[in-house]
Amino acid sequence: MRILSTFLKKIVRKKQVDSQEEDPQEYLSPQETEQTFETSQSSPASLELSHEHPLYRLYDMRTEKSRNTPPPEIVMKGCEELTEDQIRKELMRFRIEITKAADMRLKDATPKITEEDDATPHLEPSMDALPFVYVSSDRMYAWVLVFPPTGWGKELDRGLIFEALEKKKVCYGVDEELLDKLPEEYNRYFHLFIIAKGSRAAHGDNGYLVDYFLRHIERLPEMDEFGNVDYTSLGAEQNVKKGDLICEAIPPTEGIAGRTVLNQELRCRNGKSVALPKGKNTEVSEDGNKLIASIDGRVEFSGRYFSVKPLLEIPGNVDYSTGNINFIGDVLIHGDVCSGFSVRAMGDIKVCGVVESCDVEAGGDIIVVKGIIGNMETIVRSQHNIYSKYLINSVVHARQNVHTDSIRYSNVYSDGEVEVCSGKGLIVGGQIRSAQGIVAKTVGSVYESPTSIILGGQPYAKFEKQLLSQKINEMKEEMERLERQPDSPHRSKRMSKLRLELSVSGMKLNKFDRDKERLEEKLEEKNGCRLKCGTAHPRVSITIEDETVVLDRTYNSCNVRLVEGEIFLI
């Protein structure tokens, strides 16, 4: 019996050695072998195991019983939503768990041999096929790898897979089709299959606005091939009728909750609603999603809200038939503004004709299609930009830019840029003050007309500051007169109003100083202000800060700027 026992030991050990030396690829066709190699080498979702791994040792034991078993293939398929880094981490975690499971299975499947004389070797234990279920760390995926049966154990069936899923509590998103067909698959053993997939939470989309009018209109004069600008095209009014739709709010969508493969709910986030930018003279529709104009006028976006400014349209001239105009919205004049009359508006002013010797003041842009011609008593003021065909014998103040074809014997004060590039592009006579720079074709004339160019500072703000200081002095004088009067209800009411106005005016004066600092910083970023012109004639005086130079000859392609305290003509 001892001799028989020793002989059987040698046979079992020889079979184990032979099974390890066999090449598992010999049971595949050349095409299958090449495909398996490419998958294991090129796919970042594949896991490489050494042939000493317990999984391969189990595979070697299987090939002794069934030589048509394909070699192991561990590729995490079906998780395209995961990044390569996430897949790498999952493979590391999977390696640990599959190594433990395969090692336990190998110990249970290895035959036990006794050393006693009368002992006989135990044959391979009979164990049913064993599905190993792996759940991803985020619990959104579940894979299954099946160990084959040993001895007279039962082959894989649906019940064994379902039982393994139940032990792992995988009950959502299970691939029922795979449950049915996997027991009949050729590569059902030692291959990794995705058996269940969770559904990720879908967050709702935020609401958004659909605008039916432009929020910002840039009036950029465009020159034709002859260098002329059509000033009629600058008045791009966004006119609206009462009841017209200005903008619409698209409601947010609700989110959809997700589920893990363990049937755990994943919370979702609903989209946020957006508020309608409701301003003056607008109303919200009954459903709360539409912004509608409540009056006829012009649509304007003020930075946060849509509002409708009333539009005053004058079909002819501003003369004795209309009188002076003082309007809270926009003014459109199809004719001229005749001498001796004034036009004031809180919005834009557009004049399709000419502006004569009169006063025009706008809280927005001023557009004069044909031009401004006065007698040096004409004062045109704009809180934004001024566009005019020409300026003759006029006084013009603009908080931002001035754009015209020519300036003749006029005084211009601009806190922005003065652009005289279209048409003749001529500046002759008068005094042109600009905070940020002047661009023209020609400055001065061959007749050596005195022309003054002053760059830097805050010309418009300085003018407003003077007006405000004058107003404050007048209010102080009135306060002194009221203080000398006897007490009365009228006196008390007037003094209270004056104190409030003086306080507000004082804050405005302080704001001028702060604005001046910001402008100086802005000019430093732009490397200072400068004069650019094609031709500069003699008797043109150029002042930058405290430096002044008077040209004594004609300069072409002139570029004047201040460098280290000195004026340079380049």
Side-chain angles (χ1 to χ4, degrees), residues 214 216-224 226-239 298 300 309 311-314 318 325 327 329-337 342-356 358-374 378-427 430 432-441 459-460 463 532:
L214 295 176
H216 304 285
I217 299 177
E218 293 187 7
R219 292 190 171 102
L220 299 176
E222 295 182 1
M223 290 184 287
D224 58 18
F226 303 106
N228 298 318
V229 171
D230 182 11
Y231 286 87
T232 60
S233 64
L234 295 178
E237 296 90 0
Q238 298 193 105
N239 295 331
R298 186 177 69 87
E300 181 180 80
K309 285 188 175 181
L311 175 65
L312 176 61
E313 192 168 355
I314 308 297
V318 175
I325 304 296
F327 194 61
D330 297 336
V331 176
L332 173 60
I333 302 168
H334 290 276
D336 304 330
V337 182
S342 64
V343 179
R344 289 180 173 83
M346 294 181 65
D348 296 342
I349 297 176
K350 180 179 179 182
V351 181
C352 297
V354 299
V355 172
E356 298 176 355
C358 57
D359 291 343
V360 179
E361 184 177 352
D365 293 338
I366 294 179
I367 302 172
V368 185
V369 174
K370 293 185 178 179
I372 302 172
I373 180 169
T378 301
I379 297 179
V380 178
R381 294 177 58 195
S382 170
Q383 292 289 331
H384 288 179
N385 304 292
I386 294 178
Y387 304 89
S388 179
K389 183 69 175 176
Y390 54 79
L391 303 176
I392 300 177
N393 293 329
S394 306
V395 180
V396 172
H397 299 266
R399 182 177 289 276
Q400 295 181 8
N401 303 324
V402 175
H403 192 289
T404 181
D405 285 2
S406 67
I407 302 176
R408 298 172 183 267
Y409 307 102
S410 298
N411 293 340
V412 177
Y413 304 84
S414 169
D415 278 1
E417 294 182 351
V418 177
E419 299 179 0
V420 194
C421 304
S422 56
K424 293 183 179 180
L426 173 65
I427 298 177
I432 314 300
R433 294 173 176 263
S434 173
Q436 298 184 24
I438 298 173
V439 182
K441 292 181 180 179
Y460 182 89
F463 170 73
K532 292 182 181 179

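Keep in mind the model is a prediction, meaning the values are calculated, not measured.
The minimum heavy-atom distance between C421 and K441, with the atom names listed, is O-CE, 2.8 Å. Of all heavy-atom pairs between G371 and S388, the closest is CA-OG, 3.3 Å. Of all heavy-atom pairs spanning D415 and A435, the tightest one is O-CB, 3.4 Å. Summarising the geometry of V380 relative to I366, their closest heavy-atom pair is CG1-CD1, 3.6 Å, with the distance given to 0.1 Å. For the pair A440 and G425, the tightest heavy-atom approach, listed with the atom from each and the gap, is CB-O, 3.9 Å. Smallest separation of non-hydrogen atoms from H384 and A398: O-CB, 4.0 Å.
Here the straight-line distance linking atom CD1 of I349 with atom CD1 of I325 works out to 9.5 Å at 0.5 Å rounding. Atom CE in M346 sits 10.5 Å away from atom CG in D330 (nearest 0.5 Å). The distance from atom CG of L312 to atom CZ of R298, rounded to the nearest 0.5 Å, is 13.0 Å. To the nearest 0.5 Å, atom CG of residue D336 and atom CD1 of residue I314 are 13.0 Å apart. In this structure, K389 NZ and D405 CG are separated by 4.0 Å, a value rounded to the nearest 0.5 Å.
You'll find the side chain of I427 reaches within 4.5 Å of the side chain of I438, heavy atoms only.
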Before you tell me yes or no, could you show the steps for V343 and V355 under side-chain contact (heavy atoms from CB on, under 4.5 Å), namely the whole-Å CA-CA distance, both residues' side-chain angles and the distance that decides it to 0.1 Å? CA-CA 10 Å; V343 179; V355 172; over 6 Å; no
Could you please spell out the steps behind the side chain to side chain donor-acceptor pair (under 3.5 Å) verdict for Q383 and Y460? CA-CA 9 Å; Q383 292 289 331; Y460 182 89; 3.0 Å; yes
Verify side-chain contact (heavy atoms from CB on, under 4.5 Å) between D348 and I367, making sure each step is shown before the conclusion. CA-CA 8 Å; D348 296 342; I367 302 172; over 6 Å; no
Determine, stepwise, if the pair I407 / V418 fulfils side-chain contact (heavy atoms from CB on, under 4.5 Å). CA-CA 10 Å; I407 302 176; V418 177; 4.0 Å; yes
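Partners of R381 under the salt bridge (charged side-chain N to carboxylate O under 4.0 Å, His left out) rule, at least two apart in sequence or in another chain, are E361, E464. For D359, there are no side-chain hydrogen bond (donor to acceptor under 3.5 Å, both in side chains) partners at least two apart in sequence or on another chain. For Y413, the ring pair (Phe, Tyr, Trp, His ring centres under 6.0 Å) test picks out H397, with sequence neighbours left out. With sequence neighbours excluded, the residues satisfying side chain to side chain contact (heavy atoms under 4.5 Å, CB included) with I373 are Y390, I392. Not a single ring pair (Phe, Tyr, Trp, His ring centres under 6.0 Å) links F327 to another residue, sequence neighbours left out. Applying the side chain to side chain contact (heavy atoms under 4.5 Å, CB included) criterion to N393, with sequence neighbours excluded, gives M376, Y409. Every residue two or more places apart in sequence or in another chain that forms a side-chain hydrogen bond (donor to acceptor under 3.5 Å, both in side chains) with H334 is listed here: E313.
Put simply, the side chain of S382 gets close to the backbone of G364: a donor and an acceptor are under 3.5 Å apart. Judged purely by atom type and a 3.5 angstrom limit, S414 has no side-chain atom pairing as donor or acceptor with the backbone of R399. Although no hydrogens or angles enter the test, the distance criterion places a donor-acceptor pair under 3.5 Å between the side chain of D365 and the main chain of N385.
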